[in-house]
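Written below as structure tokens is the structure these notes are about.
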Amino acid sequence: MNAFSKKVYSAALKIPFGEVRSYKWVAEKIGRPKAFRAVGQALKNNPYPLIIPCHRVVNSGGSLGGYSRGKKTKKMLLDLERYLKQCIENKK
DNA sequence: CAAACTATTCAGC
DNA sequence: GCTGAATAGTTTG
């Protein structure tokens, strides 16, 4: 794992629950606004897909980007998180 | 070290 | 909405 990947994972972990951020956002967060592609690379090569909310990282506009397990899984996770967030905020 | 690859992004039509 | 071009870092040879 390189410093770049590390930063990417840290930024991904900073993403709030039930929300999504763009690759560009992460790239700027880590100090490489023009490395949005490398960000995706690091995420797809992420060593710990379970502790890294890579599914919260999408393309610009909030559209679904890619995912190691397929876009469908990503969509499912995002939907699930949205639902859980709603439950928590509504205390239901 | 260089070339290829990549879960992208922006501009133009 | 799709196509083409640009860009940065990792990985492989």
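Letters A, B, ... mirror the listed sequences (proteins, then strands); counts begin at 1.
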Here's a test of your reading of the structure: between A:Ala35 and A:Asn45, which maps to the more 5' nucleotide of DNA chain C? A:Ala35

What's the CZ-P distance between A:Phe4 and C:dT11, to the nearest Å? 11 Å

Within-4.5 Å side-chain heavy-atom neighbours: A:Ser63 and A:Val58: no

Identity of whatever pairs with C:dT7 - Watson-Crick or G-U, under 3.5 angstrom: none

Between atom OH in A:Tyr67 and atom P in B:dT8, what is the gap in whole Å? 15 Å

Checking base pairs now: Watson-Crick or wobble, both atom distances under 3.5 Å. What partners C:dT12? B:dA2

At their closest point, which heavy atom of A:Lys74 faces which heavy atom of A:Gly66, and how far apart are they? NZ-O, 3.1 Å

Grab the NZ-C1' distance between A:Lys24 and B:dT8 for me, whole Å please. 10 Å

Rounded to the Å, how far apart are A:Met1 CE and C:dT10 P? 12 Å

When you measure from the side chain of A:Asn2, which nucleotide among B:dT6, C:dG9, C:dT11 comes out closest? C:dT11

By the 4.0 Å heavy-atom rule, please label A:Phe36 as base, sugar-phosphate, or nothing. base

Shortest side-chain distance from A:Leu43, nucleotide among B:dT8, B:dA7, B:dC10: B:dA7

Looking at every strand, decide which applies to A:Lys44 at a 4.0 Å heavy-atom threshold: base, sugar-phosphate, or nothing. base

Separation of atom CD in A:Gln41 from atom C1' in C:dT7, rounded to whole Å: 13 Å

Using atom OH of A:Tyr9 as one end and atom C1' of C:dG9 as the other, report the distance to the nearest whole Å. 12 Å

Consider salt bridge (Lys or Arg N to Asp or Glu O under 4.0 Å). Of A:Arg56, A:Lys14, A:Lys85, A:Arg82, which one does A:Glu19 pass it with? A:Lys85

Could you state the atom-to-atom distance from CD1 of A:Ile30 to P of C:dT10 in whole Å? 9 Å

Over all strands shown, is A:Ser68 touching base, sugar-phosphate only, or nothing at heavy-atom distances under 4.0 angstrom? base

Which whole-number value in Å describes the distance from A:Asn59 CG to C:dG1 P? 13 Å

Contact class for A:Arg37 (heavy atom, under 4.0 Å): base, sugar-phosphate, or nothing? base

Non-hydrogen side-chain atoms of A:Val39 and A:Phe4 separated by less than 4.5 Å: yes

The side chain of A:Lys34 is closest to which nucleotide in this list: C:dG9, B:dA7, C:dT7? C:dT7

